[in-house]
Amino acid sequence: MERTKIYKALKASSGEKITVCGWVRSFRANRFIALNDGSCLSSLQVVIDFENTEQQLLDTISVGASISVSGEMVESQGSGQKIELQAHTINVIGTANPEEVQKTILQPKKHNLETLREQAHLRFRTNLFGAVFRIRHHMSFAVHNYFNQKGYFYIHTPIITGSDAEGAGEMFKVTTVDNAQKKYNPEEDFFGKQTHLTVSGQLEAELAALALSQVYTFGPTFRAENSNTTRHLAEFWMIEPEIAFADLKDNIDLAEDFLKYLVNYALTNCMEDLLFLNERDEKEDLQRPKNLRSELNLIDRLRFVVDNEFIKITYSEAIDILINSKPNKKKKFKYLVEWGIDLQSEHEKYLVEKHFKKPVVIFDYPKGVKAFYMRENSDDKTVAAMDVLFPGIGEIVGGSQREERHDVLLKKCKEFGIPQEHVWWYLETRKFGTVPHAGFGLGFERLIMFVTGMQNIRDVIPFPRTPKNAEF
Ligand code: 4AD
Ligand code: MG
C-alpha cells in the first residue's frame with residue numbers, strides 16, 4: 001500500500017487518488033473524520049458516504065482509533081479546509097474503546113499540562129505536544145546542520161565516566177555492586193573504579209578539539225541535583241562545541257551566531273507549529289496579571305533574538321547595575337548583591353527582563369564561583385567564563401576559555417582538591433602542543449522552551465526525569 005503522509009495530502013490537487021493512515025481526532029455526524037498522522041499540525045478531513053457504508057464499520061470509527069483511508073481528494077464544501085478526502089474504502093486498523101478514551105487525554109477538550117504529563121505516553125497525540133516535538137526534531141537537525149556546514153566534527157563522548165567536569169557533588173553513581181550487601185570497594189566494581197553518569201562531555205571534547213580543531217558533542221547529560229524547578233531536569237541534552245586556537249571573544253561570538261541560527265531555523269522551517277504555539281502563548285499571557293505579561297508575543301520574541309545584537313557586559317558591570325537597581329535599593333532581592341556572589345536567577349531575571357530587555361552575555365566571573373578548568377585572567381580575581389542569559393529562560397548557555405597553561409592548571413587542580421591521577425590525561429594535553437581553546441554548553445531543553453514558549457522544562461522533553469519521577 002502506497003501511503004501518502006497527511007502533510008502532503010493537504011497539498012494535493014483535487015482529483016488525486018491517495019491512501020492515508022492516521023488516528024481519528026474527531027468523528028462527527030457519522031460523516032466527517034479529522035485524521036491526523038503527526039506529520040504536521042493540521043488534520044485531514046475525511047468525508048464518508050455513510051449511507052453506503054456498513055453501520056458495523058461506522059461503529060468502530062471513534063476518537064483514538066487508527067485507520068487507513070483510500071479515496072479521492074476533492075475541493076471542500078465546508079469552510080474549515082480547502083481540500084478533503086472523499087473516502088472510497090476505510091480500514092479500521094486498531095479500535096479505541098470510547099469509554100476508555102473518556103478517561104484519557106485523547107478526549108478532545110482542553111487538558112491541563114499536569115494531566116498531560118501524567119499521560120506522557122499519549123500526549124504525543126495532542127496538537128500541543130505534536131508541535132513541541134516536531135520543533136524539537138527540527139532544532140536537533142539544525143544543530144548538526146550548523147556545525148557540519150562550519151566544518152566541526154561530531155564527537156561521541158562517554159555517558160559512563162570516571163571524571164567530574166563541573167566539580168559539584170551532584171552525580172549519579174554507576175555500579176554493579178549491591179551496596180546493601182557489603183562495604184563498597186571500588187576495585188571490585190565493574191570498571192575497577194567508581195564511575196558516574198556524565199555531567200558534561202567537555203573534558204573529552206577538549207581532547208578531541210586539540211587534534212581536530214573544531215568539534216561538538218550533543219548527548220544526554222545527568223545531574224542529581226535535587227532542584228525541583230521549571231528549568232532543571234535530572235536527565236537533559238546538552239550541545240558542547242569546543243574550538244582550538246580560540247579565546248573567550250571567539251567563544252561568545254560563536255554562541256551568539258549559533259543561537260541566532262537555531263532560532264532563525266525554527267522561524268524558517270516550523271511556521272505552522274509556531275503559529276499554533278504563538279496563539280496558545282497569547283492566550284496564556286492573558287491569564288496572567290498585567291505586570292507579568294510579556295510585551296512581545298512568541299514569534300516576535302524569536303524575531304527579536306535574530307535581529308538584535310546580544311548585550312555583552314562583564315560580571316563586575318552586572319554587579320554594579322544590580323547594586324544600583326530599584327529592587328536592590330528596595331531590598332526586594334532575596335539574595336544579597338555584592339562582588340563575588342554567584343548570580344541568582346532573580347538577578348539574572350532582572351538584568352535580562354527588566355534592565356536590558358535583550359539577551360545578555362555576562363563574562364569574566366569571579367574564579368571562586370566557576371569551575372577549575374576556566375582560564376585565569378591577569379587580574380588574578382576573575383576567570384574567562386561566560387554565560388548567555390535569555391528572557392524568560394535565564395541561563396541558556398554556560399562556557400569559558402579553558403586554562404591551557406600546564407602550571408596554572410596544576411595549581412587550580414590543587415586549589416579545587418582534584419587529585420592529579422584523576423585528570424592526568426586532561427593535564428597531559430597541556431604538555432604537548434597546548435593552544436588557547438574555548439567552548440560552551442547549550443542546554444537543549446532550555447532552547448526548546450524558548451522556541452516553543454513552553455514554561456516548564458518537563459513539557460519539552462518526551463519523558464522527563466526529575467526528582468521522584470522516572471515514569472515511562
Ligand atoms: O553551565 P553548565 O553547567 O556548563 C557545563 O556543563 C560546561 N561543561 C559546558 C561547557 O563549557 N562545555 O551547563 C551548560 C548548560 C546551562 O547553561 C543550561 O542551559 C543547561 O546546560 N543545564 C541544564 N538544563 C536542564 N537541566 C539541568 N539540570 C541543567 N543544568 C545545566
Ligand atoms: Mg552554568
Side-chain angles (χ1 to χ4, degrees), residues 139 143 152 155 157 161 163-172 196-209 214-244 246 248 250-252 254-255 258-259 262 315 342-345 348 352 359-363 365-366 369-375 383-390 392-403 426 437-451 454 456-461 464-467 469:
M139 287 294 91
V143 165
Y152 285 64
I155 300 295
T157 49
T161 174
S163 68
D164 175 5
E166 296 309 303
E170 51 187 44
M171 303 179 86
F172 290 102
H196 299 93
L197 293 178
T198 186
V199 292
S200 157
Q202 178 199 322
L203 300 194
E204 291 88 351
E206 280 188 53
L207 312 183
Q214 294 182 318
V215 301
Y216 71 104
T217 74
F218 185 179
T221 309
F222 307 86
R223 299 198 181 172
E225 53 201 333
N226 211 345
S227 39
N228 229 328
T229 78
T230 54
R231 303 184 309 132
H232 288 89
L233 291 165
E235 177 179 304
F236 63 101
W237 288 67
M238 187 159 47
I239 298 131
E240 296 183 278
E242 194 68 35
I243 39 177
L248 188 67
D250 300 318
N251 202 30
I252 293 172
L254 175 66
F258 180 45
L259 285 165
L262 294 174
Y315 168 91
D342 200 2
L343 294 180
Q344 299 295 321
S345 62
E348 298 179 341
V352 174
V360 179
V361 184
I362 302 180
F363 61 97
Y365 281 79
V369 302
K370 292 290 184 186
F372 80 97
Y373 54 70
M374 297 190 179
R375 193 179 198 279
V383 286
M386 63 99 166
D387 278 1
V388 182
L389 314 178
F390 260 32
I393 305 291
E395 181 192 331
I396 194 163
V397 158
S400 69
Q401 186 174 337
R402 319 307 189 187
E403 186 53 77
Y426 185 71
H437 61 288
F440 62 79
L442 165 65
F444 189 55
E445 285 74 21
R446 295 204 184 159
L447 171 77
I448 306 301
M449 286 174 78
F450 183 73
V451 172
M454 298 302 283
N456 192 317
I457 200 163
R458 293 165 180 80
D459 297 328
V460 295
I461 187 164
R465 300 291 179 247
T466 50
N469 171 38

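In each ligand, atom 1 is the first atom listed, and ligand 1 is the first ligand listed.
Counting the atoms of ligand 1 from 1 in the order shown, those under 4.0 Å from a heavy atom of Gly398 are 1 (O), 9 (C), 10 (C), 11 (O), 17 (O). Near Met238, meaning under 4.0 Å from any of its heavy atoms, are these atoms of ligand 1: 6 (O), 13 (O), 14 (C), 15 (C), 21 (O). Listed by number with element, the atoms of ligand 1 under 4.0 Å from a non-hydrogen atom of Arg402 are 10 (C), 11 (O), 12 (N). Taking every non-hydrogen atom of Tyr373 and a distance limit under 4.0 Å, the qualifying atoms of ligand 1 come out as 7 (C), 8 (N). For ligand 1, the atoms lying closer than 4.0 Å to a non-hydrogen atom of Ser200 are 6 (O), 8 (N). Atoms of ligand 1 lying under 4.0 Å from any heavy atom of Glu240, numbered from 1 in the order shown and given with element: 7 (C), 8 (N), 9 (C), 10 (C), 12 (N). The Gly399 neighbourhood of ligand 1 comprises atoms 11 (O), with distances under 4.0 Å to a heavy atom of that residue. Within ligand 1, the atoms closer than 4.0 Å to a non-hydrogen atom of Arg231 are 25 (C), 26 (N), numbered from 1 in the order shown.
Residue contacts with ligand 1: Arg465 is excluded, as none of its non-hydrogen atoms falls under 4.0 Å. For the pair Glu242 and ligand 1, no heavy-atom separation below 4.0 Å is found. Residue contacts with ligand 1 include Ile457, since one or more of its heavy atoms lies under 4.0 Å from the ligand. Within the 4.0 Å heavy-atom cutoff, Arg446 counts among the residues contacting ligand 1.
Not one N or O of Ser400 is nearer than 3.5 Å to an N or O of ligand 1, by distance alone. Taking any N or O of Leu233, backbone or side chain, at least one lies under 3.5 Å from an N or O belonging to ligand 1.
Side chains of Glu235 and Thr221: a donor-acceptor N/O pair is absent below 3.5 angstrom, by distance only.
Summarising the geometry, atom CG belonging to Leu233 is positioned 10.0 Å from atom CD belonging to Glu225; distances are rounded to the nearest 0.5 Å.
Proximity of His437 to Ile243: side-chain heavy atoms (C-beta onward) are nowhere separated by under 4.5 Å. Here the side chains of Tyr315 and Pro366 are in contact, with some heavy-atom distance below 4.5 Å. By the 4.5 Å heavy-atom criterion applied to side chains, Ser200 and Met238 are counted as neighbours. Side chains of Ile448 and Phe450 form no contact here, defined as non-hydrogen atoms less than 4.5 Å apart. The shortest distance between side-chain heavy atoms of Leu262 and Met139 falls below 4.5 Å.
Between the side chain of Asn251 and the backbone N or O of Gly439 there is at least one donor-acceptor pair closer than 3.5 Å. In this structure, the side chain of Glu445 engages the main chain of Trp237 through a donor-acceptor pair within 3.5 Å. Gln401 places a side-chain N or O within donor-acceptor distance of the main-chain N or O of Leu248, the cut-off being under 3.5 Å.
Residues forming a side chain to side chain contact (heavy atoms under 4.5 Å, CB included) with Arg231 (at least two apart in sequence, or on another chain): Thr229, Ser345, Arg446.
Just one of Glu206, Glu204, Arg402 meets the side chain to side chain donor-acceptor pair (under 3.5 Å) condition when paired with Tyr426; it is Glu206.
Here the protein contributes Glu395 OE2 as N, O or S atoms under 2.8 Å from the Mg ion (ligand 2).
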- Given Tyr373 and Gln202, is the side chain to side chain donor-acceptor pair (under 3.5 Å) satisfied, shown in steps? CA-CA 10 Å; Tyr373 54 70; Gln202 178 199 322; 3.0 Å; yes

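Taking only non-hydrogen atoms, the option from Phe390, Phe236, Phe444, Trp237 nearest to atom 27 (C) of ligand 1 is Phe236. When Ile396, Thr217, Leu203 are ranked by how near their heavy atoms come to atom 19 (O) of ligand 1, first place goes to Ile396.
Taking the six-membered ring where the residue is Trp, Phe172 and Phe222 present perpendicular rings, their angle passing 60° and hence far from 30°.
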